[in-house]
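Comments concern the structure below.
Letters go in sequence order (proteins before strands), and every chain restarts at 1. Fair warning: this is a prediction, and the values are worked out from it, not measured in the lab. Below, each value reflects all heavy atoms present in this structure, side chains not excepted, and no hydrogens, waters or symmetry copies.
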2 protein chains.
Amino acid sequence: MTSKVKPTESELEILNILWHNGPSTVRKVHEELAMTKEAGYTTTLKLMQIMHDKKLLKRDASSKTHVFEAAVSQQQTQGQMIRKMIDTVFNGSASQLVMQALGSHKASKEELDEIRAYLEGMEKKTKKAKS
Amino acid sequence: MTSKVKPTESELEILNILWHNGPSTVRKVHEELAMTKEAGYTTTLKLMQIMHDKKLLKRDASSKTHVFEAAVSQQQTQGQMIRKMIDTVFNGSASQLVMQALGSHKASKEELDEIRAYLEGMEKKTKKAKS
DNA sequence: TGCTATTTACGAATGATTTCGTAGCTAATG
DNA sequence: CATTAGCTACGAAATCATTCGTAAATAGCA
């Protein structure tokens, strides 16, 4: 069982940066963060320390300047969060969520094609399972 | 412009009950809530009062026992929350969210059909707009 | 070596959310 | 009419998230 992951708003911002950039120092993360947000360096540091305590991050402390890395995968986290949202906001109906997402977000043609292709793939699997 | 809606975890539980049951007294809501959760009556009351202050609920105080009703629609709230999740968790990609939702949740055949139908509907609209 | 810059650690202030005790009001009952 | 049961209002405690100041350690450089 993969541990319960429940990042807060701020933690998610940091995870996104780490997922995108790979292992990084606090300073790197902080610089990224500072581009969209106002915050002191020690604030970022503290957050990342807390995240390390919570096992959201791994830390390489072999050099003075520590290097942090996400300890939870983006996939896993997305899955967990979407499941929770389906349960708590969409009465357990994935399709309701999907339609709401498509309706309220204006997906591009490419995105729609991607989804269609994905659905076809599922279809096949379902049929196979039934036969 | 519809006001910013950002219900907390607990507030969402209450909204769900009200969306499902329609206008209700605090006691009714509390009884529902108590089925899945441990909490005192005054806790529920206080939450609903706060939600009223925040304009998340409407209140009919004409009788001694007040009757509350959701002041925000389920649709609107779902849309707002899904948009936020797309932005903060899925890098702005609706299709990524949709696929994650379908992949991690095991939608039924009926649900998949619903989604397919919905996609076809969108397709038509897109074509029309282009012609 | 001694100074400076950068880093981590720590603790505490602030703010938001959740919880609940207590008081006061009102309606129903004996 | 007095008592009781159930309701709302209010305030404050408890908890969690966020922010930051300050100290201590370390590495690089004049």
Side-chain angles (χ1 to χ4, degrees), chain A residues 3-18 23-69 71-72 77 81 84 88-89, chain B residues 3-18 23-69 71-72 77 81 84 88-89:
Chain A
S3 62
K4 277 252 165 298
V5 183
K6 219 224 155 206
T8 67
E9 211 47 35
S10 307
E11 288 170 350
L12 205 51
E13 291 177 319
I14 290 175
L15 282 175
N16 274 320
I17 291 172
L18 289 172
S24 311
T25 62
V26 174
R27 180 144 306 274
K28 276 294 185 78
V29 171
H30 178 64
E31 275 162 11
E32 279 276 321
L33 217 48
M35 291 178 5
T36 51
K37 198 195 185 187
E38 197 52 38
Y41 174 81
T42 54
T43 301
T44 305
L45 171 64
K46 179 70 167 193
L47 266 173
M48 292 176 74
Q49 286 169 339
I50 291 172
M51 291 171 77
H52 180 246
D53 289 349
K54 292 192 193 173
K55 316 282 191 209
L56 287 173
L57 301 186
K58 281 183 282 199
R59 170 167 63 175
D60 173 354
S62 58
S63 66
K64 169 168 145 66
T65 304
H66 300 179
V67 176
F68 289 84
E69 182 184 354
V72 294
T77 306
M81 297 192 77
K84 179 166 187 173
T88 62
V89 185
Chain B
S3 61
K4 276 253 167 296
V5 183
K6 217 224 157 205
T8 67
E9 213 45 38
S10 307
E11 288 170 349
L12 205 49
E13 292 178 317
I14 289 175
L15 281 175
N16 273 320
I17 292 172
L18 289 172
S24 312
T25 62
V26 174
R27 180 143 311 273
K28 275 295 184 80
V29 170
H30 178 63
E31 274 162 12
E32 279 276 321
L33 217 48
M35 292 179 5
T36 51
K37 199 192 184 186
E38 196 53 37
Y41 175 82
T42 54
T43 302
T44 304
L45 171 65
K46 179 71 166 192
L47 267 172
M48 291 175 73
Q49 285 170 339
I50 290 172
M51 291 170 77
H52 180 246
D53 289 348
K54 292 192 193 172
K55 317 279 192 210
L56 287 173
L57 300 187
K58 281 182 282 199
R59 170 167 62 176
D60 174 354
S62 59
S63 68
K64 169 170 144 65
T65 305
H66 300 179
V67 175
F68 290 85
E69 180 183 355
V72 295
T77 306
M81 299 193 77
K84 178 166 189 177
T88 62
V89 184

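The base of C:dT6 lies close enough to the side chain of A:Lys64 for a donor and an acceptor atom to sit less than 3.5 Å apart.
By the 4.5 Å heavy-atom criterion applied to side chains, B:Ile14 and B:Met48 are counted as neighbours. Between A:Ser24 and A:Glu32 there is no side-chain heavy-atom pair separated by less than 4.5 Å. For the pair A:Thr77 and A:Pro7, the minimum side-chain heavy-atom distance is below 4.5 Å. Under the 4.5 Å side-chain criterion, counting only non-hydrogen atoms from C-beta, A:Thr8 is in contact with A:Lys54.
Closest non-hydrogen pair, B:Val89 versus A:Met81, comes out as CG2-SD, 4.2 Å. When every heavy atom of A:Leu18 is checked against every heavy atom of A:Glu69, the shortest pair comes out as CD1-C, 4.3 Å. Closest heavy-atom contact between B:Phe68 and B:Val26: CE1-CG2, 3.6 Å.
Regarding contacts with the backbone of C:dA9, a side-chain N or O of A:Arg59 is found under 4.0 angstrom from either OP1 or OP2. Between B:Arg27 and the phosphate of D:dC7, there is a side-chain N or O to OP1/OP2 separation shorter than 4.0 Å. Taking only side-chain nitrogens and oxygens, B:Gln49 comes nearer than 4.0 Å to OP1 or OP2 of D:dA9.
At most 12 non-hydrogen atoms from other residues, nucleotides or ligands lie less than 6.0 angstrom from NZ of B:Lys6.
For the pair A:Leu47 CG and D:dT18 C1', the computed distance is 7 Å after rounding to whole Å. Taking atom CE of A:Met51 as the reference point, atom P of D:dT18 lies 10 Å away to the nearest angstrom. The nearest whole Å value for the distance from the NE2 atom in B:His30 to the C1' atom in D:dG6 is 13 Å. B:Glu31 has its CD atom 14 Å from the C1' atom of D:dC7, to the nearest Å. Atom-to-atom, CE of B:Met48 to P of C:dT19 comes out at 15 Å; the value is rounded to the nearest Å. As a whole-Å value, the separation of A:Asp53 CG from D:dC16 P is 15 Å. We find that NZ of A:Lys54 is positioned 10 Å from P of D:dC16, with the value rounded to whole Å.
Here ring pair (Phe, Tyr, Trp, His ring centres under 6.0 Å) pairs that include residues 35-60 of chain B, with residues two or more places apart or in two chains, are B:His30-B:Tyr41.
Within residues 34-46 of chain A, the residues that place at least one heavy atom under 4.0 Å from DNA chain C are, in residue-number order, A:Tyr41, A:Thr42, A:Leu45, A:Lys46. Contacts between residues 6-14 of chain B and DNA chain D, counted as heavy-atom distances below 4.0 Å, involve no residue at all.
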